[in-house]
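Read the structure below first, then the notes.
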Amino acid sequence: MYKELIKNWIPKLTPKIIQEYGKKLGFFLTNSETNILYQFIMKNYSEILDGNEKSFSELQKQISPTLYNQLLKIYNENKRKFL
């Protein structure tokens, strides 16, 4: 059920939503980081929802280790809740 909700919501995602969500969680993203995350999500969300997390290694190369670890933590917390 959650996968379908996510798939229906993804087309509405914007870089601004990503930045606001980051602020809500207590970290501020640069425009560059926001764009990297937006492109990553748009390109990889379907395979990640299907359990293929190999694309995270691609993301890890593009952002700082601190940001990557924060995002991975958030992802794993939400994965336990919703997937």
Side-chain angles (χ1 to χ4, degrees):
M1 178 177 124
Y2 290 112
K3 287 182 183 182
E4 287 304 314
L5 290 173
I6 292 169
K7 286 180 181 181
N8 290 331
W9 184 80
I10 286 291
K12 299 172 187 161
L13 183 65
T14 65
K16 183 176 179 169
I17 291 170
I18 293 171
Q19 273 193 326
E20 290 173 0
Y21 186 67
K23 285 180 189 177
K24 180 180 175 183
L25 296 176
F27 53 93
F28 298 89
L29 301 168
T30 66
N31 287 338
S32 176
E33 291 168 332
T34 301
N35 288 328
I36 289 168
L37 293 175
Y38 175 77
Q39 294 300 320
F40 174 79
I41 292 167
M42 299 309 286
K43 179 181 175 187
N44 299 295
Y45 78 90
S46 184
E47 69 183 46
I48 291 170
L49 285 175
D50 290 336
N52 183 354
E53 300 170 351
K54 292 179 183 179
S55 59
F56 280 112
S57 62
E58 176 186 323
L59 179 63
Q60 188 175 19
K61 296 174 188 174
Q62 298 179 40
I63 59 177
S64 73
T66 302
L67 179 56
Y68 178 78
N69 289 330
Q70 289 173 322
L71 294 173
L72 198 58
K73 180 180 175 186
I74 292 165
Y75 167 75
N76 285 322
E77 288 171 359
N78 286 299
K79 179 180 166 183
R80 283 191 295 276
K81 289 180 193 175
F82 301 114
L83 299 180

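Note that these values count all heavy atoms, side chains included, but never hydrogens, waters or copies made by symmetry. Treat the numbers as computed from the prediction; the structure is a model and nothing was measured.
With a 4.5 Å cut-off on side-chain heavy atoms, I48 and I41 do not count as touching. Y45 is listed as a side-chain neighbour of K7, based on a closest heavy-atom distance under 4.5 Å.
What you find for M42 and L13 is that their closest heavy atoms are SD-CD2, 4.4 Å. When every heavy atom of P15 is checked against every heavy atom of T34, the shortest pair comes out as O-CG2, 3.2 Å.
Remark: N35 CG to Q62 CD distance equals 11.5 Å, nearest 0.5 Å. Separating the CG atom in L49 from the CG atom in N44 is a distance of 11.0 Å, to the nearest 0.5 Å. For the atom pair NZ (K73) and CG (N78), the distance works out to 12.0 Å, reported to the nearest 0.5 Å. The line from CD1 of I63 to CG of L71 is 5.0 Å long, rounded to the nearest 0.5 Å. Going from atom CG of L25 over to atom CD1 of I74 covers 4.5 Å, rounded to the nearest 0.5 Å. Taking CG of L72 as the reference point, atom CD of E77 lies at 10.5 Å (rounded to 0.5 Å).
Residues in residues 56-71 take part in these salt bridge (charged side-chain N to carboxylate O under 4.0 Å, His left out) pairs, two or more places apart or across chains: K43-E58. Here salt bridge (charged side-chain N to carboxylate O under 4.0 Å, His left out) pairs that include residues 23-39, with residues two or more places apart or in two chains, number zero. Listed by first and then second residue, the ring pair (Phe, Tyr, Trp, His ring centres under 6.0 Å) pairs involving residues 9-32 amount to none (not counting sequence neighbours).
Residues satisfying the side-chain hydrogen bond (donor to acceptor under 3.5 Å, both in side chains) test with N8, not counting sequence neighbours, are none. In this view, S46 and D50 satisfy the side-chain contact (heavy atoms from CB on, under 4.5 Å) rule, not counting sequence neighbours. Applying the side-chain contact (heavy atoms from CB on, under 4.5 Å) test to N69 and every residue at least two apart in sequence or in another chain returns nothing. Looking at residues two or more places apart in sequence or on another chain, you find no side-chain contact (heavy atoms from CB on, under 4.5 Å) involving Q39. Looking at residues two or more places apart in sequence or on another chain, you find a side-chain contact (heavy atoms from CB on, under 4.5 Å) between K16 and T14, E20. Applying the ring pair (Phe, Tyr, Trp, His ring centres under 6.0 Å) rule to F40 yields the partners F56; only residues at least two apart in sequence or on another chain are considered. Contacts of S64 classified as side-chain hydrogen bond (donor to acceptor under 3.5 Å, both in side chains), with partners at least two apart in sequence or in another chain: none.
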Legend entry - Stepwise side chain to side chain contact (heavy atoms under 4.5 Å, CB included) test for L59 and S55: CA-CA 7 Å; L59 179 63; S55 59; over 6 Å; no

